[in-house]
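The next block holds one structure in the form of structure tokens; read it before the comments.
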Amino acid sequence: MARSGRPLRKALCDAFQFPLTLARERQAKHTVRYLASCGILMNRVPTLKTPRHCHAQQRNFFNIAGPLINKKKEYSERRVIGFSMLEMYNVVSGVADYKHFVPWCKKSDVISKRSGYAKAQLEVGFPPIVERYTSVVTLVRPHLVKASCTDGRLFNHLETNWRFSPGVPGYPRTCTVDFSISFEFRSLLHSQLATVFFDEVVKQMVAAFERRAKKLYGPETNIPRELMLHEVHHT
């Protein structure tokens with residue numbers, strides 16, 4: 001019986017040693033131990049990662065990354081346009097019409113207005129977020145339109161400035177437009193949308209108002225190429 005049992009014991013040992021070879025190739029640091037008899041492999045099965053552990057890792061990642069990411073963004077653009085200061089001021093100060101031409105603006109209702117001041121409710125939708133907020137608008141005709149978000153859920157800070165100054169000398173129906181915007185998302189998660197917001201809304205803003213002026217006031221003044229100006233800065 002002893003001799004007849006040896007082949008069976010050897011086969012069993014070989015069968016149990018096969019996973020050992022595989023484990024050594026796949027996981028050099030995997031901890032193993034053996035039974036004294038036949039060298040039977042006893043694997044120490046690693047503890048499975050539970051969803052709770054995964055969530056903790058995600059929280060730690062964001063907590064570490066948070067201070068390294070600046071949620072505040074700024075963009076400015078200066079451009080010489082073939083419309084007068086008053087024409088461009090009228091377009092920008094007409095907040096109630098924003099929903100017809102401003103990129104991704106779904107709603108623009110003026111709820112109060114007096115000399116040099118207006119308050120409007122705006123809704124801006126850019127995938128996958130829709131933001132509704134109240135905008136307080138300061139008006140200095142025909143030089144300035146400044147708007148500040150007061151109660152947004154998505155933005156911690158959102159402010160736009162439009163300044164209009166004389167354009168090209170000798171071309172009275174031209175003006176220099178200085179547009180700037182600064183915004184800060186409330187959360188790190190939402191700050192990942194900064195690129196979308198820049199590309200789909202901010203970078204198209206001045207061009208959208210220029211197209212609106214063409215629709216309202218006709219063709220723009222032709223400006224010689226060497227006198228044209230267009231500067232963009234963002235951080």
Side-chain angles (χ1 to χ4, degrees), residues 62 66 69-79 81 83 85-165 175 177-213 215-216 232-235:
F62 282 115
I69 297 178
N70 182 13
K71 295 184 292 182
K72 186 176 181 179
K73 301 292 182 181
E74 295 180 345
Y75 175 92
S76 63
E77 183 174 348
R78 167 175 279 193
R79 182 184 296 189
I81 291 180
F83 296 98
M85 292 172 56
L86 183 58
E87 287 172 337
M88 289 306 301
Y89 171 85
N90 289 338
V91 173
V92 178
S93 62
V95 180
D97 294 326
Y98 280 11
K99 57 181 172 287
H100 300 306
F101 68 94
V102 174
W104 302 103
C105 183
K106 308 298 183 183
K107 178 181 178 181
S108 56
D109 297 329
V110 176
I111 55 179
S112 65
K113 189 174 183 179
R114 64 175 185 267
S115 179
Y117 171 89
K119 182 180 287 188
Q121 290 183 339
L122 300 174
E123 179 179 306
V124 179
F126 53 98
I129 298 296
V130 174
E131 168 72 336
R132 300 174 182 86
Y133 63 93
T134 301
S135 181
V136 175
V137 185
T138 302
L139 304 166
V140 181
R141 185 177 184 266
H143 301 284
L144 172 70
V145 179
K146 177 181 177 181
S148 301
C149 168
T150 60
D151 59 356
R153 294 173 298 174
L154 180 62
F155 294 103
N156 188 44
H157 164 79
L158 174 61
E159 182 176 290
T160 60
N161 283 277
W162 294 84
R163 296 182 181 274
F164 311 103
S165 56
C175 72
V177 176
D178 286 283
F179 167 74
S180 64
I181 181 172
S182 64
F183 63 94
E184 181 179 3
F185 289 94
R186 288 191 180 277
S187 71
L188 175 62
L189 178 61
H190 286 150
S191 69
Q192 307 306 315
L193 299 172
T195 300
V196 176
F197 187 68
F198 255 111
D199 293 341
E200 300 293 339
V201 181
V202 174
K203 290 182 179 180
Q204 302 180 37
M205 192 70 72
V206 175
F209 281 85
E210 187 177 12
R211 288 192 297 269
R212 181 67 174 178
K215 184 175 181 179
L216 295 179
V232 173
H233 304 279
H234 62 83
T235 58

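Please read all numbers here as calculations on a predicted model, not as lab measurements.
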Identify all side-chain donor-acceptor contacts of residues 203-210 below 3.5 Å with residues at least two apart in sequence or on another chain.
{"unit_1": "Lys203", "atom_1": "NZ", "unit_2": "Asp199", "atom_2": "OD1", "d": "3.4"}
{"unit_1": "Gln204", "atom_1": "NE2", "unit_2": "Asp199", "atom_2": "O", "d": "3.0"}
{"unit_1": "Gln204", "atom_1": "NE2", "unit_2": "Glu200", "atom_2": "O", "d": "3.4"}
{"unit_1": "Glu210", "atom_1": "OE1", "unit_2": "Arg79", "atom_2": "NH1", "d": "2.9"}

Q. When you look at Arg212 and Asp97, which way does the side chain to side chain contact (heavy atoms under 4.5 Å, CB included) test go after all the steps?
A. CA-CA 10 Å; Arg212 181 67 174 178; Asp97 294 326; 3.8 Å; yes

How long is the straight-line distance from [atom2] of [Y] back to [atom1] of [X], given to the nearest 0.5 Å?
X	Y	atom1	atom2	result
Ser135	Ile111	OG	CD1	10.0 Å
Glu131	Cys149	CD	SG	6.0 Å
Phe179	Asn161	CZ	CG	9.0 Å
Glu184	Leu158	CD	CG	11.0 Å
His234	Glu74	NE2	CD	12.0 Å
Met85	Asn90	CE	CG	11.5 Å

With sequence neighbours left out, what residues match [X] under side-chain hydrogen bond (donor to acceptor under 3.5 Å, both in side chains)?
X	result
Tyr133	none
Asp178	Arg78
Glu123	Arg132
His100	none

[Y] and [X], any side-chain heavy atoms less than 4.5 Å apart:
X	Y	value
Val177	Glu77	no
Val91	Phe83	no
Val95	Leu122	yes

Q: Can you tell me which residue pairs pass the side chain to side chain donor-acceptor pair (under 3.5 Å) test with a partner in residues 105-115, sequence neighbours excluded?
A: none

Q: Quick one: list whatever passes side-chain contact (heavy atoms from CB on, under 4.5 Å) with Val145, sequence neighbours left out.
A: Tyr89, Val92, Ser93, Val137, Leu139, Trp162, Phe164

Q.
Suppose we screen for side-chain contact (heavy atoms from CB on, under 4.5 Å). Which residues come up paired with Thr134, at least two apart in sequence or across chains?
A. Lys119, Gln121, Thr150, Asp151

Q. Regarding Ser182 and His157, is there a side-chain donor-to-acceptor distance under 3.5 Å anywhere?
A. yes

**Q.** Non-neighbouring partners of His143 that pass ring pair (Phe, Tyr, Trp, His ring centres under 6.0 Å), sequence neighbours left out
**A.** none

**Q.** Counterpart residues, salt bridge (Lys or Arg N to Asp or Glu O under 4.0 Å), relative to Glu159 (two or more places apart)
**A.** none

